Amino acid sequence: MPELPEVETTRKGIAPHLQGRTVREVIVRQRKLRWPVPRNLNALLQNQVIEQIDRRGKYLLLRMNKGTLLIHLGMSGSLRILPSQTPVQKHDHVDIVLDNGQCLRLRDPRRFGAVLWTRGDPLQHKLLAALGPEPLSNAFDADYLWQKSRGRKLAIKAFIMDSKVVTGVGNIYANEALYLAGIHPGRAAGRIARARYAELVNAIKQVLEAAIRQGGTTLRDFTASDGKPGYFRQQLHVYEREQRPCHQCGKPLQQVVISQRASYYCRYCQR
DNA sequence: ACATTGACCTGGGAGC
DNA sequence: TGCTCCCAGGTCAATG
């Protein structure tokens, strides 16, 4: 489900409820996620103060006094702030109960998400250490992306969805950014000029920023931590719009599969 | 080093 | 109603 804008929307939603609170109890109902949830999570977290909530790519970082809880939402994960007595539903796997009677509840039907504990610098954790730059940071610019693409033969769409190249760009926003930049999603990454990478970097930043402003994209089931959907769907130009008219030229949009993922584009506006 | 594929899961919709 | 098949906001590990 969530790409960077949905994770950032979640972070903004939960942070005010968590910051400065003490963990009273952790309840784990299902340990089998993408990686096993630590057995002793309750013992690890109990009585710790949640100091700060950060995001790195699609990971949420709950920084506490003795370490950091890493949360990844996978394809179908969501986090809610609820009164801790709220009856659990199917796929509610983890509760972090706070000292004010509220709890942070993870729901994840497909269980591709992750909840991991790490001491020391969380950015050095195995899963985070190799991540590429944040797409909204200054480190992510035309020079970086162009340099990185030299000699690469894979499709540009797969290239920008590679978390080692840039982190946080998933299937929706890769499609949208390539449309805005006028680049065909199947074009080899190494055969795109530097000037076009400048367009692409701008498009990625703009589409992510706009989506964050709208609270993310709800296609099927994404909700923010308050249960509300994201409204960026109304501004999608190509994603899940095959056969519908291109917003620039009016001709029907195409759908193809690139690197096993559905890809949408305009054959006339994207080269 | 790079590119491709399979694997992990459940739910919802289409088609019969 | 119910079965089977296909698809879905991710990404790591294994394989050439």
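Naming: A, B, ... by sequence-line order, numbering from 1 per chain. Remember, it's a predicted structure, so these values are computed and weren't measured experimentally.
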Item to check | Along DNA chain B, first and last positions that approach a heavy atom of chain A under 4.0 Å | outcome: B:dC2 to B:dG11
Next on the checklist: If I pick the P atom on B:dA1 and the same atom on C:dT11, what distance separates them, to the nearest angstrom?
Outcome noted: 22 Å
Item to check | Salt-bridge criterion met for A:R55 and A:E8 (N-O under 4.0 Å) | outcome: yes
Checklist entry - Given that both pair distances must be under 3.5 Å and the pair must be Watson-Crick or G-U, what runs of three or more consecutive pairs involve DNA chain B? => result B:2-8 with C:10-16, B:10-16 with C:2-8
Item to check | Euclidean distance, atom CD of residue A:E242 to atom C1' of C:dC7 [Å, nearest integer] | outcome: 12 Å
Item to check | P gap between B:dT5 and C:dC7, integer Å | outcome: 16 Å
Checklist entry - Is the closest side-chain heavy-atom distance between A:Y59 and A:H125 below 4.5 Å? => result no
Checklist entry - Rounded to whole angstrom units, what separation is found between the CZ atom of A:R110 and the C1' atom of C:dT11? => result 12 Å
Checklist entry - Side chains of A:Y231 and A:T218: donor-acceptor distance under 3.5 Å anywhere? => result no
Checklist entry - Are A:V256 and A:Y264 connected in the hydrophobic side-chain network, where two residues link if heavy atoms are under 4.5 Å apart? => result no
Checklist entry - So what does A:R220 hit on the nucleic acid, given a heavy-atom distance under 4.0 Å: a base, only sugar-phosphate, or nothing? => result base
Checklist outcome for this item: When rounded to the nearest 0.5 Å, the distance separating CZ of A:R105 from CG of A:L82 is 5.5 Å
Checklist entry - What's the CD-P distance between A:Q260 and C:dC7, to the nearest Å? => result 12 Å
Checklist outcome for this item: To the nearest 0.5 Å, atom CG of A:L253 lies from atom CD of A:Q270 at 8.0 Å
Next on the checklist: Please check if the number of heavy atoms outside A:R29 that lie under 6.0 Å from its CZ is greater than 12.
Outcome noted: yes
Checklist outcome for this item: Comparing nearest nucleotides in DNA chain C, the 5'-proximal residue of the pair A:K126, A:K58 is A:K58
Checklist entry - Given C:dG10, is OP1 or OP2 found less than 4.0 Å from the side-chain N or O atoms of A:H72? => result no
Next on the checklist: Tell me whether A:N42 contacts the main-chain N or O of A:V26 through its side chain, where contact means a donor paired with an acceptor under 3.5 Å.
Outcome noted: yes
Next on the checklist: Check the phosphate of C:dG10 against A:R261, side-chain N and O only, distance under 4.0 Å to OP1 or OP2. Yes or no?
Outcome noted: yes
Item to check | Interatomic distance where CG belongs to A:D162 and P belongs to C:dT11 [whole Å] | outcome: 10 Å
Checklist entry - Counting any heavy atom closer than 4.0 Å, what does A:Y173 reach on the DNA or RNA strands: base, sugar-phosphate only, or nothing? => result nothing
Checklist entry - Contact class for A:A158 vs. all strands (heavy atom < 4.0 Å): base, sugar-phosphate, or nothing? => result nothing
Checklist entry - How close or far is atom C1' of C:dA8 from atom CE of A:M161, stated in whole angstroms? => result 12 Å
Checklist entry - Hey, are A:Q89 and A:R107 close enough side-chain-wise for a donor-acceptor pair under 3.5 Å? => result yes
Checklist entry - What nucleotide, of C:dA13, C:dC12, C:dG10, holds the atom closest to the side chain of A:L127? => result C:dC12
Checklist entry - Do A:D54 and A:R63 pass the salt bridge (charged side-chain N to carboxylate O under 4.0 Å, His left out) test, and can you show the C-alpha distance, the side-chain angles, and the key distance before you say yes or no? => result CA-CA 8 Å; A:D54 294 323; A:R63 294 180 187 269; 2.5 Å; yes
Next on the checklist: From C-beta outward on A:S163, which listed nucleotide comes closest to its side chain: C:dA8, C:dC12, C:dG10?
Outcome noted: C:dC12
Item to check | Rounded distance (Å) that lies between atom C1' of C:dT11 and atom CG of A:L4 | outcome: 15 Å
Checklist outcome for this item: Here the distance between atom C1' of C:dG10 and atom CG of A:L219, to the nearest Å, is 14 Å
Next on the checklist: Using whole Å, what does the distance between atom P of nucleotide C:dG10 and atom CG of A:L33 come to?
Outcome noted: 17 Å
